[in-house]
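One structure is given here, and the rest of the page talks about it.
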Amino acid sequence: MAAPAAPDATPRRLRVAQFVLLLFYVTGFVGLGFSQDPGFYLQFMPLTLLLTAALLLGFDRHSPAPNFGWFALTVMLVGFGVEVAGVQTSAIFGSYSYGTTMGPRLWQVPVIIGLNWLLLTYMAGGLAQRLPLPGFGRALVAALLMVGMDACIEPVAVHFGWWTWLADVIPLQNFKAWFALSLILQVYLNRSHVQPGRNPLVPFVYMLQLLFFFGLGWLIG
């Protein structure tokens, strides 16, 4: 007689990951939104981003390892490289500069910013892959989801000094460039055979970040 199959631990691990992320983001929200010393909480931003990446990408079980590795490396390098060009020339997103709260910088750009591009590309692409659309249609939807997230992040980032814009004005050029680059990255994702649409943590993390930044933006607005 065959032994009974071991129970699937994925739902349990998923709940634990969701709880840990919720704890970090709620703590950050309360600290940044209501604390008299938000600088204390700002220093944990790089750690929170790294934790988010570790938990989110740890649930990717369906992407071929070589494909995922090349995809992740390419998106991080492209995202970081475009940010460097943007800061140095002001010709891509507009005239802006980064502060020091996002960790070590290289060529005036936080090294961790490439990871942020990877996470946003992965999550938006994962949500779009759940839709019954052709490849380019999913890429368009995912690019819009990325721009929507950026629109929520911008006022919070400026308020807390993550980056600053010339004359404190977020230019329309920024969102146009975000959409163009996001669309390129989403087309690449669709051709890379990476499967974030099958990652059960993707919807939770996207909504958690969206609510986090939207809520903070409302508080400080």
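These values consider heavy atoms only, across backbone and side chains, with no hydrogens, waters or symmetry-generated copies.
Between Ser90 and Tyr96, the side chains place no donor N or O within less than 3.5 Å of an acceptor N or O (distance only, hydrogens not considered). Side chains of Trp117 and Glu83: a donor-acceptor N/O pair is present below 3.5 angstrom, by distance only.
When all heavy atoms of Asn199 and Leu56 are compared, the pair lying nearest together is ND2-O, 2.9 Å. Across every non-hydrogen atom of Ala17 and Leu201, the tightest pair is CB-CD2, 4.2 Å. Minimum interatomic distance between Glu154 and Asn174 (heavy atoms only, all atoms of both residues): OE2-ND2, 3.3 Å. Gly103 and Pro46 make their closest contact through N-CG, 4.1 Å (heavy atoms, listed as atom of the first residue, atom of the second, distance). Scanning all heavy atoms of the two residues, the minimum distance from Phe71 to Ser192 falls at CD1-OG, 3.9 Å. Considering all non-hydrogen atoms of both residues, Gly86 and Phe93 come closest at CA-CD1, 4.4 Å.
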Item to check | Test log, rule side-chain contact (heavy atoms from CB on, under 4.5 Å), inputs Phe44 and Thr27 | outcome: CA-CA 11 Å; Phe44 295 105; Thr27 301; over 6 Å; no
Item to check | Intermediate values then yes/no, side-chain contact (heavy atoms from CB on, under 4.5 Å), Val156 and Leu32 | outcome: CA-CA 10 Å; Val156 176; Leu32 293 176; 5.7 Å; no
Checklist entry - Which is it for Phe175 and Ile170 under the side-chain contact (heavy atoms from CB on, under 4.5 Å) test, yes or no, and what are the steps along the way? => result CA-CA 9 Å; Phe175 299 108; Ile170 305 170; 3.8 Å; yes
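The distance from atom CE of Met76 to atom CD1 of Ile112, rounded to the nearest 0.5 Å, is 11.0 Å. Between the CG atom in Leu21 and the CG atom in Leu55 there is a gap of 5.0 Å [rounded to 0.5 Å]. Atoms CD and OG1, on Gln43 and Thr48 in that order, are 10.5 Å from each other to the nearest 0.5 Å. Residue Asn116 holds its CG atom at 6.0 Å from CE of Met102, rounded to the nearest 0.5 Å. Within the model, atoms CH2 of Trp107 and CZ of Phe80 stand 6.0 Å from one another, a figure rounded to the nearest 0.5 Å. Taken from CG in Leu211 to CG in Leu216, the straight-line distance is 11.0 Å, to the nearest 0.5 Å.
Contact check for Leu144 versus Leu140: no side-chain heavy atoms found under the 4.5 Å cut-off. The shortest side-chain heavy-atom distance between Ile153 and Gln209 does not fall under the 4.5 Å cut-off. At least one side-chain heavy atom of Tyr41 sits less than 4.5 Å from a side-chain heavy atom of Ser35. Contact annotation: the side chain of Leu189 approaches that of Gln129 to within less than 4.5 Å [non-hydrogen atoms, C-beta and beyond]. Inter-residue side-chain proximity for Phe68 and His193 is flagged as unmet; no heavy-atom pair is nearer than 4.5 Å. Residues Asp60 and Gln195 form no side-chain contact, since every pair of their non-hydrogen atoms from C-beta on lies 4.5 Å or further apart. Side chains of Leu219 and Phe34 form a contact here, defined as non-hydrogen atoms less than 4.5 Å apart. With a 4.5 Å cut-off on side-chain heavy atoms, Pro110 and Thr101 do not count as touching.
Residue Met207 is not grouped with residue Phe214 when hydrophobic side chains (ILVMFWY) are merged at heavy-atom distances under 4.5 angstrom, including chains of intermediate members. One hydrophobic cluster, built from ILVMFWY side chains closer than 4.5 Å, holds both Phe29 and Leu47. At a threshold of 4.5 Å between side-chain heavy atoms, the hydrophobic network of Ile, Leu, Val, Met, Phe, Trp and Tyr places Val205 and Leu51 in one connected group. The hydrophobic cluster containing Val147 does not contain Val169, counting ILVMFWY residues as joined when their side-chain heavy atoms lie under 4.5 angstrom apart, directly or transitively. Using a 4.5 Å cut-off between side-chain heavy atoms of Ile, Leu, Val, Met, Phe, Trp and Tyr, with links allowed through other members, Trp165 and Val109 fall into the same hydrophobic cluster.
Other residues, nucleotides and ligands contribute over 12 non-hydrogen atoms within 6.0 Å of the CD atom of Gln173. Within 6.0 Å of atom CZ in Arg198, 12 or fewer heavy atoms from other residues, nucleotides or ligands are found, so the atom counts as exposed in its surroundings. More than 12 heavy atoms of other residues, nucleotides or ligands shown are found within 6.0 angstrom of CZ on Arg130.
Looking only at distances, a side-chain donor or acceptor of Asn190 sits under 3.5 Å from a matching main-chain atom of Gly135. Judged purely by atom type and a 3.5 angstrom limit, Gln186 uses its side chain to pair as donor or acceptor with the backbone of Thr121.
For an aromatic pair to be called close, the ring centres must be under 6.0 Å apart, and Trp163 with Tyr98 satisfies this.
Residues satisfying the side-chain hydrogen bond (donor to acceptor under 3.5 Å, both in side chains) criterion with Tyr206, sequence neighbours excluded, are absent altogether.
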